[in-house]
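Heads up, the thing below is written out as structure tokens.
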Amino acid sequence: MSQLSAEEGVELQTLLKLFLRSINDSISGAASAECAEEILLHLEETDKNFHNYEFVKFLRQYMERSLGTVVEEETKNLTSGDGQHTVGSGHDALIHIVTQRTRESAEYKQMRQTLKNTIIMAVEALINRFEEDQLKKEMHKEKQRSQSVHQFTDNCSDSDSSFNQSYAFIRQEQLQVLAEQLNSSRPKEVRWEALQALCCAPPSDVLSCESWSSLRTNLCAALTDPDLSDNVLQYFAKSFSSSPLNLTREIYTSLAKSVESSFLSHKLSFPTGSVAIDITKPEISRLLKQIRLINDFQKEVTTFWIRHPEKYMEEVIESTFSLLTYHHEYGSTSPRSEKPLEPIHLLALLDIKATWFKKWMHGYYSRTVVFRLLERKYKSLIVSALQQCIHYSECCERFTNETNDAESAEQQNTGSVQRSVYSRRELEYAFFVHSVCVLGKLLIYTNGRKLFPIKVRKRKDPISLTELVVILINIMYQHPKLHSDASHTDVLSPSSLVMEVLWMLCERTECAVECLHQTSVICTLLAPVIALLNGKQVKLRSPAATLSLIADVLAHIANTDRGLALFLYENSLVPHSERTCAAHVVVQFTLRLLHKEFPSLSESDAYHTLCGAFIFVCRQIYNTFEGLQVLRPYGLHRALAAAWKQTSSLSERVPTPVPGAAAGASTQELQNMLIWEETLLDSLLNFSATPKGLLLLQQTGAINECVSYMFSRFTKKLQVSRCEKFGYGVMVTQVAATAPGVVALCSSGFVRALVIELWAALECGNEDVRVVRPKPTPMDPIDRSCLKSFLSMVNLLSSSQSVWELLGRHPLANKSEYSLREMPTSVPDLIDRLIAVNSDAKIHSLFHYEQSHTFGLRLLSVLCCNLDSFLLLESQYNICSMLLQSQKENVVELDTNNGEFIIDSLSVERNHVLVRVSVVGGSSERRLPPRALQEGEHPYPWPMFSSYPLPYCYTLDPPKIQQTSQDCEISAFLASSKDTKNEEGWMEICRKHYCEVLNSKPNSLTGKVLADLLEKVVAHLSSSATECFFSPAESKAEEESVKSVVLSSVEQLGISTCVRYGNYLKLLKDDAVHNMTVLMKHVKIFLSTQRVKTSSELITQQDGYPGHDWLASTVFLIMAGDMDRSLSLLRNLSSLLVSAFIWPARIHASVHVPVEVAESGILPVYWCTAHYVEMLLKAEVPLVHSAFRMSGFTPSQMCLHWLTQCFWNYLDWKEICHYICTCVVMGSDYQVYLCVAIFKHLQPHILQRTQSQELQVFLKEEPIQGFKVNNYLEFMEGLERSYRNLVLTDMTSLRNPVE
């Protein structure tokens, strides 16, 4: 059975051949035959497909057939009778004995001998066939060689990997013979045959042989022979692709030295005049092929040289630099007319953008060696590159057609048409491109910049970094070319190359500071702009294109904080006659462009491109807080709006193209108009990046169109701009904080799209994905797939103004039936389906009732954190009654009154919301039940309820408020000051005492002391002509008029909430509700007389102030429920500047601001206070500012939230009193400083919550733990010293904020 038939022998031969092909990759990398044998012996351990090879399967079947009987008999003998007792029961021992006895059997020996003989015969047959195939291949190759024409594009220097070519192992003796045959004294035919044999040998064997030294010498000598050079390069290419660096480095260095020797021996001259270089010449062609192989290795070696000792890499780098710098020294001694052709010229033709150098500079491992060698030995390489840039810059001024020649050179050089002749200018331009790329890469690294200044020929002083940048900018001026075309030729144009370098420098702070943020550089960039502003002519080849490139560079500089500060505050950048900063120059030029005051530029085809480029520079400035402060006086927003309106009207007049008519011009004109219109809208939209900028945008009347444009880009997930790192999230949040902004979002379709996206993520899901990979059961109350939609909705509804616009006067549907396909499309629909789930129809309409309703309750919890939003929801939808009824029905025994509540996620969530909206207070005044369950017998120890009053455990012990304080400095000071009107400096003394008491005895500033202080200070300030900002209030309203006033349901609910809080604090008496109602009516009458008659369609502008007057309520509690004192203080306060900021209801639609601003519904607390809070955060607490940017949320939204409700539910009562008193006594700007102090206090929490994507919810739901006004008084005083002049000045411009 062990004999193999003839058919089986043939099959074995075939299978062996297939097997060897399959494992070719494994054995081809073996260094020697011994290594290959070792690989084969361990193939089963290393090859996971070993047992799937047909050859292995054949061997297994043959062994089973030959030895199967033997194995069965031995197993039977060992597992029966005495044999079992001898061997024991161990299974491994049984297998070991059976294997040993089988190998000792005669059948095994016969099978082994037969298999050995058969495989030997198969191997011999394969070798014979291999030799025949090799002979045929060589004959075919020789035939092709004799017929083909050697061209530059042949494949000898970058031939296929040796892995894909057949070879046989070779012995040391054969290699010794080949080395002797390659000697230059041997006949050419002998050397050629030796090269052919060498190419068939494994490179690893050759490189590790004893004769390698003589082989390498002979191979390098053969490179100079035209008939042998290609074969040598082919062998070198195979060696590069299959050998480690410790071997290939020797080949590379030898090749580099050989090329160096060839250049020296041929003494090739650089073409002059009309003479060109022909690369088909044998000596040039050979050098090009050799340098191409060198360049290929340069680009590939970076992928593996880190795995080898540094000395190997250093040899490669040094041999390269030696090759590229050797002839510079040679050329320096030659006459000028005999400028030699150098290796770097040919290298620039092959790798024009210096890809090899960029790759070497990419990794620190190699970059360090490059810098060390350049500094110590090969600085002439950098000198040569710098000299070429200077030479090109000088030539630009002499040869007007240089650009065309150079660019056509590169186009032809890199195009699909093969060329063989290159002129002098083409070679010089290729070298220039290569030099710019090398220098640009050097400049972005610190050690590269340390190489400067550099001494060059014909220059008395060394070239510094800034001088190099100026040289590059001047080159850009001579060859302007806009980057609208992405062709290869455009990439190689001088302007594209220079712009690429400048962009790289702008992106790196240190590079920009050393290279760009220099007076000479900025002056060079602004020189043409200033000349045009001064009415002078500029000597530019293409002014519009050049100025567009200048604007591009300026925009990239302004996009960084340091660059922006340079533009805004550095006056030395502009020539002495101007004495102004760069930002003023740019905006003045932009305005004159918009007004078309430069006829030569306005008539250019690139006018809109130029104008858009400079608008973009301004945009990088005005979309920042400090930049808007500088540019606002110029009224750029009005100029942009006027240009947009004009363009919009013109685009409507362009006739619609008619089929068949010659409409090419009108179609292009319409397209250009639409692009320009979008540019203007985009520029206007970016004003909304800041609160004050959003007010300016609203005043232009283009906010709806801008938001619609933003929505169109938002849906396409387009980037805000090429310089912007974040998307439209922050901008959307900023817009949504205001009434006109949220109305624009709604009309654009953004709100509808957001609601549909939320519903799809929550209820629909992706069914296709679910089939393949089932969706996991959500463990969090809000699944991660819905979190983005949840946060977007929180951002949208963060402001009470947006809630009133989206929900005001919109009843819930409360249908009797909902189809499963019916999707909500508005915020009221969403509340109806997810929050007010009070019927079986709504429950059955949800696919994921518990998850979706929990989502809705979480959203409701965040909404109710804003007290005005909660009052609207409660007054319109009776949210509390609905939640209490749901809790009442969620019991174990529904029919009994004493049923136990079912504890589930919904009941826990409802309980949390009910406590949140029913109890008012700061962190030490109320206790909110957690949403998480506990371990143990009582997973939820907090009592649930289905009716009022709340369980007592949710309120903490009220703070002890000292109504009198005999030893308080403030009391003594106030008692000693009877008539403050005639006392000079009284306010300064008062502020000093206030700060001292706030620092030393903050607890004494409560109760009667605080009330007396506020009353006295407000009375003093309101009686001062210099401090009285608004006209004094009219006399007290008649009693009959007060009785006729009707308070809205929102106001009544607000009174109820305030009285409940005052009773908890033990500040009010039994008649508090009546007194507060009368106070609110008086205030309503008083404020209504100071409001404009508006025609606005905004809901928030229709019926007075939208929400409750929390400042009046706070004053009522400070005055312990005394209506007369409260009203008197409020009337006096209304004449002070501070009232416009701490009392939102007072300034709402006020006659004291321009009608357009009053009708906008945007409060000064947003466009002034919140604006400066964000500005100061960026400067003083940058980490917090960055965290907000990353989260898509804005500090201004939280400021608006906190300040409109006087920090109720966020600070304890004592701190609320200190906030009001600090703003009144210290100045209205302290409102800004206090908000910054709070964000500074919350910084650790803000950074942590940003990482977990919980920032919005944390700031909304959590009170401000541990914040004390007195602890941050020193910090606020420091801010006052630094920013009061800026902040308070802008606050006093309240009457005209958009000028």
Side-chain angles (χ1 to χ4, degrees), residues 1-71 99 102-103 105-144 159-171 174 196-197 199-205 238 241-242:
M1 293 295 292
S2 62
Q3 296 297 324
L4 286 170
S5 62
E7 292 79 6
E8 289 176 326
V10 174
E11 182 183 2
L12 180 64
Q13 180 178 329
T14 303
L15 295 178
L16 178 59
K17 184 177 181 180
L18 292 174
F19 175 69
L20 291 173
R21 285 181 178 176
S22 300
I23 63 172
N24 180 44
D25 290 342
S26 299
I27 63 173
S28 58
S32 61
E34 292 77 10
C35 295
E37 182 179 352
E38 190 69 19
I39 291 172
L40 288 173
L41 289 175
H42 296 277
L43 194 62
E44 184 179 7
E45 304 168 10
T46 58
D47 192 343
K48 62 181 180 180
N49 297 317
F50 178 79
H51 292 283
N52 295 328
Y53 295 130
E54 294 299 326
F55 178 68
V56 176
K57 292 180 180 179
F58 178 88
L59 293 179
R60 186 189 299 114
Q61 293 173 0
Y62 174 65
M63 290 175 66
E64 290 177 354
R65 187 177 65 194
S66 303
L67 304 176
T69 306
V70 179
V71 174
T99 303
T102 302
R103 294 184 65 180
S105 64
E107 290 85 350
Y108 175 80
K109 295 177 180 178
Q110 184 179 359
M111 178 209 70
R112 180 180 178 185
Q113 187 63 35
T114 302
L115 192 60
K116 181 178 179 182
N117 294 336
T118 308
I119 290 180
I120 288 174
M121 293 173 61
V123 170
E124 290 177 352
L126 288 175
I127 291 175
N128 293 334
R129 186 174 299 174
F130 169 77
E131 292 176 351
E132 293 175 3
D133 291 343
Q134 283 293 103
L135 182 59
K136 292 178 181 178
K137 188 181 295 184
E138 293 299 333
M139 292 174 65
H140 179 68
K141 189 180 295 183
E142 179 65 23
K143 182 179 180 182
Q144 283 186 331
S159 57
D160 293 337
S161 171
S162 61
F163 295 158
N164 302 321
Q165 303 186 21
S166 302
Y167 60 82
F169 292 112
I170 192 167
R171 295 189 301 274
Q174 293 174 296
Q196 295 298 313
C199 287
C200 295
S204 55
D205 284 1
K238 290 177 64 176
S241 64
S242 60

All heavy atoms of Phe50 vs all of Val56, minimum pair found to be O-CG2, 3.4 Å
All ring pair (Phe, Tyr, Trp, His ring centres under 6.0 Å) counterparts of Phe58, not counting sequence neighbours: none
Heavy atoms, side chains only, cut-off 4.5 Å: are Phe55 and Leu18 in contact? no
For Arg60, I'd like to know if atom CZ has over 12 heavy atoms of other residues, nucleotides or ligands within 6.0 Å. yes
Those residues that, when tested against Lys57, pass salt bridge (charged side-chain N to carboxylate O under 4.0 Å, His left out) (two or more places apart): Glu54
Would you check if Thr114 and Tyr62 make a side-chain contact, meaning some heavy-atom pair closer than 4.5 Å? yes
Main-chain N/O of Met63 paired with Ser66 side-chain donor or acceptor, under 3.5 Å: no
So, do Leu15 and Leu59 sit near enough that their side-chain heavy atoms are less than 4.5 Å apart? no
With a 4.5 Å limit on heavy-atom distance, are the side chains of Leu40 and Ile23 in contact? yes
Taking atom OG1 of Thr69 and atom CD of Glu64, what is their separation to the nearest 0.5 Å? 11.5 Å
Does the side chain of Arg65 come within less than 4.5 Å of Gln61's, by heavy atoms? no
Distance col, row Leu12:CG vs Phe19:CZ, nearest 0.5 angstrom, shows 11.5 Å
